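Structure in structure tokens, see below.
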Amino acid sequence: QVQLVESGGGLVQAGGSLRLSCVASGRTFGTYAMGWFRQAPGKEREFVAALTWSMFTKYYAESVKGRFTISGDTGKNTMYLQMSMLKPEDTAVYYCAASGGGRPADITRTHTFGFWGRGTQVTVSS
């Protein structure tokens, strides 16, 4: 089992920045990828960004490209999401996820990730 704990959410004005962190513990050896998803009220959970844990290949949703940056520290088993130029439509609960295996073609899909954190709220005011 892998346990994931997110932190760093909060309330920020439009145009501001936040950095989310996700610390993984437990059986983290062999992690294929880690990612961030978000879910706004009344909407489905959607892909935000992901990072393969061996090559550090990065993937982004079109809606966050150029504004968000995903990174990781394998020594600390920690993943980050630097969010800049935040918009009100970025408001959501942000979830950290980890995958033990998968294909790059499926990395934006929730079913690729078997382990999830409890989420951290990000609210962007206009």
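All values derive from a computational prediction rather than experimental measurement. Residue numbers run from 1 in the order of the sequence given.
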Apply side chain to side chain contact (heavy atoms under 4.5 Å, CB included) to residues R38 and E46 and explain how you reach the verdict. CA-CA 5 Å; R38 66 187 182 188; E46 66 174 3; 2.6 Å; yes
Inter-residue atom distance S7.OG - Y94.OH, 0.5 Å rounding: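 The distance works out to 15.0 Å.
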A50 versus I107, closest heavy-atom pair with distance: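 That closest heavy-atom pairing would be CB-CG1, 3.9 Å.
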Tell me whether F56 is reachable from I70 by hopping between hydrophobic residues (I, L, V, M, F, W, Y) whose side-chain heavy atoms are closer than 4.5 Å.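 Linked within one cluster.
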Check whether T31 reaches the backbone of A33 with its side chain - one donor and one acceptor, N or O, closer than 3.5 Å.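 Checking the backbone N and O of A33 against the side chain of T31, no donor-acceptor pair under 3.5 Å is found.
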Test log, rule side chain to side chain contact (heavy atoms under 4.5 Å, CB included), inputs W36 and C96: CA-CA 5 Å; W36 291 98; C96 170; 4.0 Å; yes
Do side-chain atoms of Y60 reach the backbone of G66 as a donor and acceptor pair under 3.5 angstrom?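 No.
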Say whether, by atom type as modelled, one donor and one acceptor occur between the side chain of E6 and the main chain of R118 under 3.5 angstrom.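 Answer holds: yes.
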Side chain to side chain contact (heavy atoms under 4.5 Å, CB included), that's the test. Do K76 and S21 meet it? Break it down for me. CA-CA 11 Å; K76 295 181 179 180; S21 299; over 6 Å; no
Could you grab the distance from atom CE of M83 to atom CZ of R19, nearest 0.5 Å is fine?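 The CE atom of M83 sits 11.5 Å away from the CZ atom of R19.
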Check: T52 side chain, T57 main-chain N or O, donor-acceptor pair, under 3.5 Å: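 At least one qualifying donor-acceptor pair exists.
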Verify side chain to side chain contact (heavy atoms under 4.5 Å, CB included) between Q121 and T91, making sure each step is shown before the conclusion. CA-CA 8 Å; Q121 176 71 46; T91 295; 4.0 Å; yes
Might you point out which heavy atoms bring V124 and K87 nearest each other, and give the distance in Å?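 That closest heavy-atom pairing would be CB-O, 3.3 Å.
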Does any part of the side chain of D90, heavy atoms only, come nearer than 4.5 Å to the side chain of R67, both counted from C-beta?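 A side-chain contact exists here, since the closest heavy-atom pair is under 4.5 Å.
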With ring pair (Phe, Tyr, Trp, His ring centres under 6.0 Å) as the test, pick out the partner of F37 among F113, Y59, Y95.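 In the set F113, Y59, Y95, the residue that makes a ring pair (Phe, Tyr, Trp, His ring centres under 6.0 Å) with F37 is F113.
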